[in-house]
Each structure stands twice: as C-alpha cells, then as structure tokens.
Amino acid sequence: MTVRPSATATDGSAGRPNVRIGVVTFPGSLDDRDTQRAIRLAGAEPVPLWHKDRSLGQVDAVVLPGGFSYGDYLRAGSISRFSPVMGTVVERAREGMPVLGICNGFQVLTEAHLLPGAMLGNEHLHFICRDQKLRVENAGTAWTTDYEAGQEIHIPLKNMDGRYVADERTLDMLEAEGRVVFRYAGDDDSTGYPPTEQASPNGSLRRIAGICNAEGNVVGLMPHPEHATDPLVGTGRTDGLPFFTSILRTFVEGAAA
Amino acid sequence: MSRTPSGAGSPGAAPSKLDTVEHAAATPDIEQPWAELGLKKDEYERVREVLGRRPTGAELAMYSVMWSEHCSYKSSKKHLRQFGEKAPHSDALLVGIGENAGVVDIGQGYAVTFKVESHNHPSYVEPYQGAATGVGGIVRDIIAMGARPVAVVDPLRFGAADHPDTKRVLPGVVAGIGGYGNCLGLPNIGGETVFDACYQGNPLVNAGAIGVMRHDDIHLAKASGAGNKVILYGARTGGDGIGGASILASETFDDAKPSKRPAVQVGDPFQEKLLIECTLEAFAEKLVVGMQDLGAAGLSCATSELASNGSGGMRVTLDDVPLRDSTLSPEEILMSESQERMCAVVEPEKVARFLEICDKWDVIATVIGEVTDGDRLEIYWHGEKIVDVDARTVAHEGPVYDRPYRRPQWQDALQADDANALPRAADSAELRAQVLKLVASPNQASKAWITSQYDHFVQGNTVLAQPEDSGMLRVDEETGLGIALATDGNGRYTKLDPYTGAQLALAEAYRNVATTGARPLAVSDCLNFGSPEDPAVMWQFTEAIRGLADACQVLGTPVTGGNVSLYNQTGEAAIHPTPVIAVLGVIDDVARRTPSAFAEEGHQLYLLGETAEEFGGSAWSQVVHDHLGGLPPKVDLERERLLADVLIAASRDGMIAAAHDLSDGGLIQAVTESCLRGGRGARLVVPAGLSASTFLFSESAGRAVVAVPRSEEARFTGMCGARGLPAARIGVVDGDAVEVQGEFSLPLSELRDAYEATIPGLLA
Amino acid sequence: MARVVVDVMLKPEILDPQGQAVQRALPRLGFEGISDVRQGKRFELEVDGPVDDAALARIRELAESFLANTVIENFDVKVEDLPGAPGDAPAATVTAGEAK
Amino acid sequence: MARVVVDVMLKPEILDPQGQAVQRALPRLGFEGISDVRQGKRFELEVDGPVDDAALARIRELAESFLANTVIENFDVKVEDLPGAPGDAPAATVTAGEAK
Ligand SMILES: Nc1ncnc2c1ncn2[C@@H]1O[C@H](COP(=O)(O)OP(=O)(O)O)[C@@H](O)[C@H]1O
Ligand SMILES: [Mg+2]
C-alpha cells in the first residue's frame, strides 16, 4: 500500500512527525474517548471528529470506534453509514488513507461496503463481554505491522452483533488474498454458552474476527484493542497497543523514507 | 380508542367541556373517580380541603400519583427519618437525603453520587423492558445531579432457580439490563443474583448507578428565579405508563378497561445516551439553574417538585409538550411516564444556547413554562387554567401514615428452629459431597452466564468488576484516585431477624469494599418488602430501618439516599424482607487495589476474624438441609471496622496479594472462588478447636481470607497482632486442588465444573 | 406443508425506538412523504400437515403466549400460499386471525 | 394515507438463530408439527399521498438500500388497505414487489 503522510507538523521535542488520528463520534458512539486515550498512549495525536462534519481536518488516519451508533437500530452501523463524515471517510479510504473500524466501526465499514460481508447477531443471541484470544493472521496491514503473523493476543470482545457472514466465494477470496486479519482462537470460555456451530464466540464464519480491504489500508475487527492498552484497567494486558503503534510507525517510517 | 381529542373532564361533565379550575369551583358536587386512581376517601377529602374546592381532573391526576406510596413514601417516611436523625457526622456528605441522589466528597475536588432503585413489578410483567427502563430511570437520577454516569450495578432476585417462570424472567431481565446499560456505554461493575422461592411472582430487579462530577457542578432539583424558563427535553410524551389516568380521560368509567394503558414502557437507550451527552454539555457551559428527571409520575412530579423546591411559583403550558400521540388528554400528559425525558430550568438569556446544544445532539427540546413570582403551580391547556395548586401540597405534603406494626407470632418459632442443631456430615466423603453441592448450588455458583452479558470495559476506567468483591473505577487518570461500590442483601438473615439482617447486609457491603482496599464512605439502600398494610411486614420494615440506621452510626457511613419498594407480595405471602445495601468507598490510588484471585504458589493463607458455630440462614443450611430457622450470625460492628482498617492498611502497604471476604457459603466458598480465579489450588488445615463443618461452612460475620507473600508474613501478622485482630494461618496456595488436610481433596477441574455448569444448565 | 406468518407489532401507544430511528433517518437519505414507521417482527412458521382451524387456533395461542408479549405487542396470524423459498414468497392471502 | 409494508427476511442460506431458538422452544411449550421457524422484520410505513407506481418504486429503492442489507437479506414490499390502527390491520392485499 502507499502511505501519503499528510503528517507535516512535527512535535518539536523529538522532531518526529506528529501523526494525527481522527476518531469519529456518531450519536451513540461509546468507546470514542477510550480510543482517543489509546492513541495518545501510543504517542500519536487523537483528533475528535463529529459525524455531522464532512471535513476530516488534517488527519492521517481515521478510527471508527465501538458503541451503539443510533442505538444499533435497524442494523448495527446501518444508519451511521449515511452520515456526512462517512462520505468523506469512504472517499479518502479509497484513496489509501488508513481506516480502522472497531466493533461498531467494523459494522459501519461493512454497511458502507468498504469491507465485504455483513455482521449479524451473535449466534447464541446474547451480548457477550469477555477477554478473547485472537490469532493475528496478517501482520502486513497499516494497523498490524507491530504484530507478527501467527501471534496470539488477548483483547476484550464485547458486542451483540458480532457474527461475521459472507458468501462462500467472498470467504474464499478473503482467505486466498490474506485478508483475514484476525481469527478467534481457542474457546477458553467460562460463560457456559453452548459452543457455536462455528466454534467461535459469536458464530462468525471461519472464526473471522477481523478483515481488511484488498489494499490493506482499511481494517475492521470486532474485539476492542483500545481496551487492552493500560495494565491498570480493562483486561490488565496491553495486547491492543500495537494497533496504535503500528499506524504510528506506518507514518513515521513513511515520512522518514 | 374512545378518547375525546381534547380530553374529557371529569365524568359527568359534557365530554367536550374542559374541567377547568373555574369549572371545578362551580361544580363542587360532581363525582370524581378518586378510588380508581388509588386515593383513599380521606386523602380525597384532604385534597378538597387543601384546594378549598374539588380538584379538576388534572389536579386529581397529579395528587393521586404524587400521593401514591411509590412517590410519597407515605408508609415509610416516618421511619426513614432515622437515617437523618442518627446519621453519623461525615465531612464527605455534600448532599444528603431528599435530593435525586446523595452526593459524597471523594477528595481532589471530585464528588460522587450513587443510588439504587427498584423496578420489580414491571420486570415481572415484561422482563426485558421492565429491567431496561429500570436502568434508564436510575441513570437519569444521576444525570439530574449534574454528574456523568460512570457505572451501573444490578442486585437481582428471582424465584426458585428451577422454576419454569425463572427461565422466562431471568434471561429477559439480564438481557434488558445489558441491552440498556451496554447501549448507554456504562460499565456494569457488580450486583447480585439470588434465587429463592419467596421471590416467585415478585422478582426483585434493583438497579444502581454511580456518577462523578466536580464539586461546583452539583445541581439540585430546584426552580428558582422568576422569569426563568422551564424546558422539557428528550423523548416525546406518549400514552405509555399512564395507568389510572385513562380513567380520567375516558368519557365514562365503563369504557375504561384497566388494560387500556399498559403499565410497562419500552425504553430507548439511544435517546438516553443523547440525553446524557447534551445534559452534561449544558452543565459544562453553566446553562442550568435547576434540573429534574422525569420518572414515576412524569410531568406531575417534575413540575411540582421543581416548583416546590424553589419559591413555589411556576406556570406551564401543557399544549407545548411535544407529543407522540396527539389524542392525549391533559390528565394523561401530566401522568405519562414516557421514558427518556428531562426538565431543566434555564435563565432566559441562556435558553437559545441550551436549545442549540439539544439540537446538536438531535434531542427535542421545548420551553413549556416559566418560574413565576407567586407560590402557585399553574398549568394551562388550550388557554384555560386546569391546575392551580400550592406545589408543596402536591410534592411534599402528602399523607403520612403511622401504620401499625407488630412482631409476628411465627417469629419465635422460626428462631427456635435452630440451624446449629442440623446434622453435620458424618464422614469426609459426605463433607466433600456437601462442598461440591454448595459450590454448585444456584446461589453460590458462578454468575458468569449473567455478567458476561454486561460490558464492564467501556469508558476505560474499570479496575475491578465482577466477580470481584466490589467494583472499582478509576476517577482520575493522573493521580489514580478511584471509587469502589458493593451491594449486598440477605433476605434469609433478615427474615430470621430483620434488625440484625439489615446490619449484616450493610456489614457485608462495607466489608466487600474494604476487601478491595477502598475506604467505605457512604451508604445507599433499596428496601424491598411486602405489604405495609400487614403489621408483620411493617414490623420487619421498621426493624430493618432501625438496624441499618444504628449500624451506619457505628460504622461512620451516612445513608445518602435510597428507595423503598413495598407490596412485593402475592396474596398473603410476602417476600423475605430484603434490604439491599450499597456501600461506596474511595481509594487514593487504584494501583494498590487488592484482587481476590490466588495467583501465586506459596502465598500463605490467613483467616482474619473469628469463626463461631453460626449456621442460621446459611447457604449450607439451605443447600444441604433445605432449612431456614434459628438466628442469623451475630454482628460486631467494631470488629467490622477493625477488619476494614487492617485490609486497607495491608493494601496500602503492599502486604497482601489477594483478599476475599467471607459471606454466604462461608470459608470454603471464598477459598474455592479465589482458587478458581487464580487457577491455583490451596492446602487448608482445620484450626484446632473448630469442627471441619464449622470451619468450612459457618457464616460468622467480620471475616476475610487473605493471601500473604512469605516476605510480608511477619509484617502482616505483626500488624494484626498489634491491632488486636485475630489472624489464623489456615493454609497455603499450592497445587491444583483444594485440599482440606485429613478430610478431602477436590481437584480444581472438578470444582470448576461444579461451579460453572449450574446456571447455564438451568437456563439453557 | 403450509406457511403461517405471525406478525408482531408494538401496540400503537407504545414507543417504537427502532421505527422512530428509521423514520428520522429517511430525510437524510432523501426520502420524503413517509409520516410514520413502525418496526415489528415477522415469524414464518412452516407447518406440517393441513392448516385447519384447529391448527390456526393453536398457532394463535402460541403467538399470544410466546411470540408476543400482549402487554406491549399486538399480533396477527395469517396463512400464506406455499412459497418458493422462505423470505421471498408472494404476500398473504388469507387472514386467519388477529388480536388486539 | 396508505400503508406500505416491507418484510425483510434473512436469506435462506443464512443461519437464523432467533428462528431456531423459537423452534427449539416449541416442544417444551407443547407445540408439535412446526418444522421450521424463521424470524425477520416487518416495517409498516405510513405514506402521505397516493401509493402509485412511482411511490412504490421509491420504497423498493429504500428497502434495497436501507431497510434490508441485501448481502444477507431478502425483502418484499406490499401495499395494505387503510388500517384501523397500526399493528392490528387485516393482512396484505397487493404484492407490490420483491427482491431476491
Ligand atoms: N446480576 C449481577 N450483575 C453484576 N454482577 C453480579 C451479578 N450477580 C453477581 N454478580 C457479581 O458476582 C460476584 C459474586 O457475587 P456474590 O456472591 O453476591 O458476591 P459477594 O458474596 O462477595 O457479595 C460479585 O462480584 C458480584 O458483583
Ligand atoms: Mg464478597
């Protein structure tokens, strides 16, 4: 993929490009502040974006955070997709700007057809909140370079509509092109829900937890890396931090090159 | 639907004629449906006396809902006064009882508000929506104080675990609490799940919420300043939750079927999330003079309370209330309990900005009235005055009852049926089987099936959540300042002795907070009882309040507010008296929190406190013998204080690696939980002088088990000795089984299966 | 084999947040002229054997006691022609019952 | 004013756990003889003005782009008689369109 750092400003001290990452707030977004905090922890600058604004300001990348935008009414992500900000996000994503959709953000990305497939209600019909083991399948996207392929990480999963569905052809294509970025690993579950048909916490086909577009700049996943960035809170682990350091590195190295 | 568009007045009046104040004065003899609205004859007479005429239909609607048990606390008021009278002095209390929720100072300029409320009956009728709107209501109480809601908790009680109806009620309630709280972005950090046949038909769905604010952001429900505008914002007003008002709105009594207006509402958590955000934005810009949420009794309550707490004068134009259903009558509008609405009092020059913020969040906001110089609450409809009352008489001067109470005759027999006389396990094999049975019993088993349906990560400040002893939140990222909250109640203890039972509930919540390293500061309660018209229930109620107020005095933790839920009964059978107590604590640095998991081999296990033979009301007596009788464990509040001091000091000085309080299920339950959480076994030795059964199952209060690294052992035992707290070494963290030497060994895997399979098995 | 459809809608006086959210989104999508949207559930039941009055009575009972909570919802039961595939059948032909 | 109903059902090849949960509960409730249950959504749109072909075409477009996600769902649009009250109207009369 090509990275075009609009990262012009530098933060005087380190002389390092000041990477600005936008976080969109839709009505009903919930993890927007947490995502901003994770971005700050990773050393980048979070920029709040408002759903009614078309402009993305001077951001280098955008995160669509978790939550229940528009209450998840109709279908998760289906109403947010039509917000003014999404028009610009779709445009810029097609031009190569990195976009990460977490949980509700992933749902918005599928509804906006930036990513293939759709998200449906968890197979066991319950909201599920737990610490989830994932396998990193693709460490080459803009958001995953600080992981290694095959690495296993734990980050929180919390959603109602986390069942990834696509037709067989699409699934085969995703696999063939290496676009399955994360897969649910193991079923170390103590909640006692009956195991799903697909042996995933929500019935996702082929245990898919996250995917990317063909160019690798748009990534969506259900679990929440932003809640595994500070050892004091959340899961007590920091397995989610590399998402945000990856994107930082993408720009720092892009700018250095 | 046969309602007249303009809303009929009182029956007997021509349907088209509005029942105005003038009309009411001119037609004193018209029959009014006071009984159908739940008023007693003398209460109706009192309304007439207060007004000096008969009430209009709208006034009757307001008085009837505001003077209901739910809104007026008429049976409980007299007794609840003790919480104020006996309140220990506390510098931390910024706002006490009487407001939407009490406010507690936690230092560094932060204040915390918290409250627990019941939504019992609606949750039985429609579990999902009943529970969901319960969460919605309590969260609005918190916002109304000017605080950002930061977490919820949900103490729940259901009928027998294996009763078919529990399978209907529990999953719906849990999904509703999760559905609403998750969508609001509030972490759920604790609660309770208790099963007992006494709650069949009367499940208790209590919901609590906590909010955080800066000291100078505290807002009270008060309308002062003539000319200030009253703004109604949030959802449109619909015909839901009107209850008796449809009687007023119908042309004759006969066509007012009770089922016409469902008492259950559907919640819209998305709307509430927008309400939170726009309210906090308005607070931040200092646009608000007074604030009130709309809950029970809707606009009747909000307008009369705001006015009554201010100078008393307010004029409201009911035509300006945005409606979802244009056929609603004024009486119905006044009584509607449509969810997700708030009322703000705003200075005229700030109204435009307030409305702008609402518009930013797509929240409908309308000026519906203004504060006036006078002392009357006046409400207009189609240009005519339909309400003209002294707001205080509606909101604060309702009837007060001194209901008769009497210790029931059966109490003696119940207490004489001593649980300590129950047969103990005959041998080690039976003891082992009893442990497994206990751990697998619905009340002791893992609640992960429930709690994993709740988001406990959102907002990124959750330091501890279920299954820890208390939930803990970080309040300040820089300093690490945090708060802890635990809720507890034990209906079995309280049935055996209401005074002691209430104290035990408080002691347990207090202990749970201290176990995590936080200092208990303040108390809120939700008092769930049967019918106050039954002298036996009333006795339970008065005893429980007395016990709670006395104990708060000793522990130095004032009651900041609470909620009373009466009439939890089916026919003659009341639920166990069930005071649910919430204790809020503060911790200066959440990094030193004490978790409950035994995580490292070799840590020494100490039992703090004293163990006596106390089986009355215990889980063991219930699970093994299906028995309820005798006396509950004794309470020693000074000991609770000492134990808390030691647990807090040990956390501050890094002396302990884990701690878990002992409550229902006794020591073996606590050790099992801590072992399973840490994935480590434990070897236990029965101390000299105790029988194995007493050691494992007794529920003596004032105890906790702690894991102490060897390096800290001398320092820790030294501290306990110096302070006079009994601390007995009872074992070590070791291996992958829970072993009681000379008795039995239970592999963790076997314990885990027993502990984790029960609830999913019952609800699958 | 026949298909019986049970439609479950919130009662008119009950708030329908989902329908409201859809309606509020319409102008933004450029759709005018829709004054109200309500969202409910549609159950398609494939019934073995004939759908006679007795069968319909039982399905109404099922709807009343299980598929709907009549405290807040109304339901409507109807028989459909044998469909090609679920979800894309022609519309209903016989109204078999309703409840208020 | 007229009512247009949009029924949205998951495509047959997509797993419908809600429908399955209902079906699994049936024997417990004493209901036999129902071989399959699918659960979908029903939207009732109150349309201002006449529901002519143009209006229906627009509603089909709305259904396709918004009310249904055609990656996973099929929909069906039909016009209903003017009802007494929402939620308890007699069944559909005209099939106005469908999509697969
Ligand atoms: N309905 C619930 N919602 C949230 N947390 C719950 C619920 N039920 C139980 N819990 C949590 O499970 C754990 C064990 O509950 P309980 O045995 O009542 O604790 P304790 O005996 O320490 O009061 C606690 O952390 C409690 O907060
Ligand atoms: Mg505890």
Side-chain angles (χ1 to χ4, degrees), chain A residues 25-38 40-41 50-52 65-73 76 79 103-104 122 124-132 155-160 188-194 201 223-224 226-236 240, chain B residues 171 174-175 177-179 181-188 268-274 277-278 360-363 445-446 448-465 472-474 477 480 482 589-591 593 595 676 752 755-764:
Chain A
T25 298
F26 299 104
S29 289
L30 304 178
D31 305 279
D32 44 347
R33 291 187 189 87
D34 307 327
T35 304
Q36 291 170 23
R37 184 191 286 133
R40 209 178 309 116
L41 278 172
W50 182 239
H51 71 116
K52 284 181 183 169
F68 285 76
S69 61
Y70 292 98
D72 273 5
Y73 298 147
I79 300 180
C103 194
N104 196 234
N122 294 341
H124 47 64
L125 304 175
H126 298 288
F127 186 96
I128 184 165
C129 173
R130 73 177 198 196
D131 199 358
Q132 175 66 43
I155 59 180
L157 178 70
K158 53 182 188 85
N159 61 66
M160 188 73 216
D188 46 352
D189 178 14
S190 61
T191 56
Y193 296 120
H224 289 257
E226 79 280 16
H227 286 295
T229 53
D230 176 344
L232 251 191
V233 293
T235 62
Chain B
V174 169
I177 288 169
N182 295 340
C183 188
L184 279 190
L186 295 179
N188 184 310
D268 181 354
F270 170 60
Q271 176 71 245
E272 179 122 329
K273 167 70 178 166
L274 301 183
E277 296 303 334
C278 80
K360 170 185 167 188
W361 288 100
D362 299 323
V363 169
S446 167
W449 189 92
I450 292 161
T451 58
S452 66
Q453 297 188 44
Y454 304 147
D455 186 347
H456 48 264
F457 296 113
V458 67
Q459 292 200 5
N461 286 313
T462 307
V463 178
L464 297 176
M472 188 180 287
L473 299 168
R474 179 173 63 185
E477 269 182 66
D589 184 2
V590 294
R593 75 217 178 269
L676 290 177
R752 191 180 294 283
Y755 182 64
E756 289 178 355
T758 306
I759 304 291
L762 285 165
L763 297 173

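Naming convention: chains lettered A, B, ... in sequence-line order (proteins, then strands); numbering from 1 in each chain.
- In this structure, no portion of B:A175 lies under 4.5 Å from any heavy atom of chain A.
- Proximity to chain B (any heavy atom under 4.5 Å) is shown, for A:T229, by neither the backbone nor the side chain.
- No part of A:D72 comes within reach of chain B, as not one of its non-hydrogen atoms sits under 4.5 angstrom from that chain.
- We find the CG-CD distance between A:D34 and B:Q459 to be 7.5 Å, quoted to the nearest 0.5 Å.
- Here OG1 of B:T451 is found 12.5 Å from CZ of A:R130. Values are rounded to the nearest 0.5 Å.
- Using a 4.5 Å cut-off between heavy atoms, A:Y73 touches chain B through its side chain atoms alone.
- For the atom pair OG1 (A:T25) and CD (B:E277), the distance works out to 8.5 Å, reported to the nearest 0.5 Å.
- When each of B:L274, B:D268, B:I759 is checked for heavy-atom pairs under 4.5 Å with chain A, B:D268 comes out on top.
- Looking at B:F270 and A:P27, their side chains come closer than 4.5 Å, going by heavy atoms from C-beta outward.
- With sequence neighbours excluded, no residue forms a ring pair (Phe, Tyr, Trp, His ring centres under 6.0 Å) with B:F457.
- Counting heavy-atom pairs closer than 4.5 Å to chain A, the top residue among B:G179, B:G761, B:A591 is B:A591.
- Chain A forms more heavy-atom pairs under 4.5 Å with one residue of B:D455, B:N461, B:V590, B:D362 than with any other, namely B:D455.
- Per-residue counts of heavy-atom pairs under 4.5 Å with chain A were compared for B:G185, B:A757, B:P171, B:C183; the largest is that of B:C183.
- Contact detail for A:L30 and B:N182: the closest heavy-atom pair is CD1-O, 3.0 Å.
- When every heavy atom of A:W50 is checked against every heavy atom of B:K360, the shortest pair comes out as CZ2-O, 3.5 Å.
- Looking at B:Q271, there are no atoms closer than 4.5 Å to chain A (heavy atoms on both sides), in backbone or side chain.
- Tested against A:V233, the residues B:T462, B:V463, B:L464, B:L473 include a single side chain to side chain contact (heavy atoms under 4.5 Å, CB included) partner, B:V463.
- Listed for the B:K273 side chain is no donor-acceptor partner under 3.5 Å among the backbone atoms of A:G71.
- Take B:C278 and apply the side-chain contact (heavy atoms from CB on, under 4.5 Å) test, not counting sequence neighbours, and it matches B:Y233, B:I357, B:C358, B:W361, B:V363.
- Nearest heavy atom pair, residue B:G460 against residue A:H227, reads N-CE1, 3.8 Å.
- Counting heavy atoms from C-beta outward, A:L232 and B:E477 have side chains that stay 4.5 Å or more apart.
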